[in-house]
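Taking it in order: structure first as structure tokens, then the write-up.
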Amino acid sequence: MCGIVGYVGEKQALQVVVEGLRRLEYRGYDSAGVAVVADGVLDTRKKAGKLVNLETLLGADPLPQSTIGIGHTRWATHGGPTDANAHPHVSEDGKVAVIHNGIIENFAELRAELSAAGVTLSSETDTEVVAHLLAAVLPTVRMDLAEAMRTVCRRLSGAFTLVAVHSDVPDVVVGARRNSPLVVGRGQGENFLASDVAAFIAHTRSAIELGQDQVVELRRDSVVVTDFEGAPADVTEYEVTWDASAAEKGGYETFMAKEIAEQPKAVSDTLLGRIGPTGRLQLDEMRLSENDLREIDKVVVIACGTAYHAGLVAKYALEHWTRVPCEVELASEFRYRDPVVGPRTLILAISQSGETMDTIMALRYAREQGSKVLAICNTQGSTIPRESDAVLYTHAGPEVAVASTKAFLTQLVACYLVALYVAQVRGNKFGDEIAAVVRELKDMPQKVDLVLDTTEEMKALAEELKDAPSVLFIGRHVGFPVALEGALKLKELAYMHAEGFAAGELKHGPIALLEEGVPVICIVPSPAGRSVLHEKIVSNIQEVRARGARTIVIAEEGDESVVPYADHLVRIPACPTLLQPLVSTVPLQVFAAAMAAAKGHDVDQPRNLAKSVTVE
Ligand code: M6R
């Protein structure tokens, strides 16, 4: 939530900053703003709405040339999406500009204190207090902006990434981090600060992770990191492994279309190097000992949104393969209900961004109870893997569209790998049984590729159904989380009523929603192996059709039993039921994106949302 960019170097700062904001716009698009310092004068421009509005303003009212600047793209928390609430916020003397991601929880008290001291606040945000506090502290610390930032940060509570510039110190950008993401990009004669490496990857791949409660002082040729007390801090440097083109649309109309198409590769990359020649899994990289895995008596998955749906699939796989009980909980609920976890509980924290605040708070709570946390994450160096005992990275590459697609499929793969690995370590399954599943898993990238052939068909279906008032999704077993995921995609992209149900639950209430022509998307498991499950859902399809619903049936190639009950039949490649979400989800992603496009919505940046949710 909120994208932040800072630059100091030799280039035109405004260009670097606006380009960075373009790559971070997925984090929020309620407003955008920039500040530069030129000839000892601070100047800002900011505008409500998407970045393009700011660019128009900059065209009409240009900023002076400068080699130092900061920029912000906002997801509103405190104060509506107006020009006045857009960042940067500036001190009364016009010398300090501040941008912020997160929530300053004690802002009301600080606002009251500033008002009492005669300061006029000109926005409704929590951020503005920081600009005024910095201005007040600076003269007491010999105009040392980093020291002023440390002093102010010690007074703040909540989550914040802050970046500031001051017109009297025109060669310094200062950043601070508590709970929200901030990375340094180290260049030659230039340095960058950003919420995500995507903002500076076109300039440098050399990055530094900032830790909790750290302040960084950036000049053209130096990066100095301290804690909030001013003591030098240890930092981790790393090379970003993907290049700028990975975060470009590459000829696709939307990032989401590109990311859907990238799924076969993302699945294959996530399997890469993790399966030995005999089919044994090699997950030593996780940093969790075999002994730890033998000791656990329960797994609890914590995650949000799409990652939560991956967790629901993980439960079926884990319990089936390992016989270890598994609970799945929304991270935002887990933390506040006094859950029963302890040293023998393995927590699986699933997150694409690694910065989701609900998940961070849940994992911190679990660690306080003595549980070990294994993160499944797509973002190297982000908070969730940093604060976990172990991590298994998904290798989806950067996911820019707000709606998660390739991250979901790779989270599923990582969950299967973890479940099979636990079974291998604990001896719940014979080696050859594990090897057989692993062989099937290795075939999945090709099957995901095949299912992309349904793209045109799903687009045509979306066009036909675009005026439907609501769409329902039903599934059983792992088809149930797929139904939930299909409905979530449709809600977030097409802004329409959509709900996913466990097919067996329909008759306990939701079937009353059905009337003539309501589209019901039915996810049918493989008829092979689990024939009872298959028979049950075929009955459920008949039940909804008997009540006038229009059935859109997603079933395996060769499954003829569903043909009489399908108003529209979407074919997916045959695969074991547990692995089926890897293919059955894909047509639903395409359907939701096409529905959004048919309704004229922005597919990559749906309203009210942001890619990574860094506030609770
Ligand atoms: O970065 P995370 O995986 O922790 O994000 C969790 C959810 O916010 C995310 O999956 C969200 O539900 C997606 N927009 C859904 O498409």
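Counting from 1, the numbers follow the sequence of the chain as shown.
- Formation of a donor-acceptor pair under 3.5 Å by the S66 side chain with backbone atoms of V37 is found in this model.
- Under the 4.5 Å side-chain criterion, counting only non-hydrogen atoms from C-beta, T394 is not in contact with V413.
- Across V5 and I99, no two heavy atoms sit closer than the pair O-CD1, 3.8 Å.
- Annotation for S91 and H132: closest pair CA-ND1, 3.8 Å, computed over non-hydrogen atoms.
- Not one N or O on the side chain of N378 forms a donor-acceptor pair closer than 3.5 Å with the backbone of S353.
- At least one donor-acceptor pair under 3.5 Å links the side chain of D604 to the backbone N or O of F255.
- Heavy-atom neighbours of D61 CG from other residues, nucleotides or ligands within 6.0 Å: above the threshold of 12.
- At distances below 3.5 Å, not a single donor-acceptor pair connects side-chain atoms of Y495 with backbone N or O atoms of A596.
- Looking at H89, its side chain does come within 3.5 Å of a backbone N or O of N85 through a donor-acceptor pair.
- Test L312, I376, V313 against C415 for side-chain contact (heavy atoms from CB on, under 4.5 Å) and you get one pass: I376.
- The closest donor-acceptor contact from the side chain of Q65 to the backbone of Q12 lies at 3.5 Å or more, if one exists at all.
- Taking 4.5 Å as the limit, some side-chain heavy atom of V172 sits within range of a side-chain heavy atom of R219.
- A side-chain donor-acceptor contact under 3.5 Å links D602 to the backbone of Q605.
- Partners of R386 by side-chain contact (heavy atoms from CB on, under 4.5 Å), not counting sequence neighbours, listed by chain and number: E209.
- Classified by interplanar angle (parallel below 30°, tilted 30° to 60°, perpendicular above 60°), the ring pair H87/H100 is parallel.
- The minimum heavy-atom distance between Y238 and V183, with the atom names listed, is OH-CG1, 3.7 Å.
- The side-chain contact (heavy atoms from CB on, under 4.5 Å) with V152 is formed by just one residue from the set V98, V130, V129; it is V130.
- Below 30°, between 30° and 60°, or above 60°: for F228 and F160 the angle between ring planes is below 30°, a parallel geometry.
- With contacts defined as side-chain heavy-atom distances shorter than 4.5 Å, the pair E399/T405 qualifies.
- Of all heavy-atom pairs spanning R335 and M361, the tightest one is CD-O, 3.4 Å.
- Taking all atoms of both residues into account, the shortest heavy-atom contact from P88 to K46 is O-NZ, 2.9 Å.
- Checking side-chain atoms of K406 against main-chain N and O of H395 turns up no donor-acceptor pair under 3.5 Å.
- Across all their heavy atoms, A396 and T270 have their closest contact at N-OG1, 4.4 Å.
- Formation of a donor-acceptor pair under 3.5 Å by the Q212 side chain with backbone atoms of N179 is found in this model.
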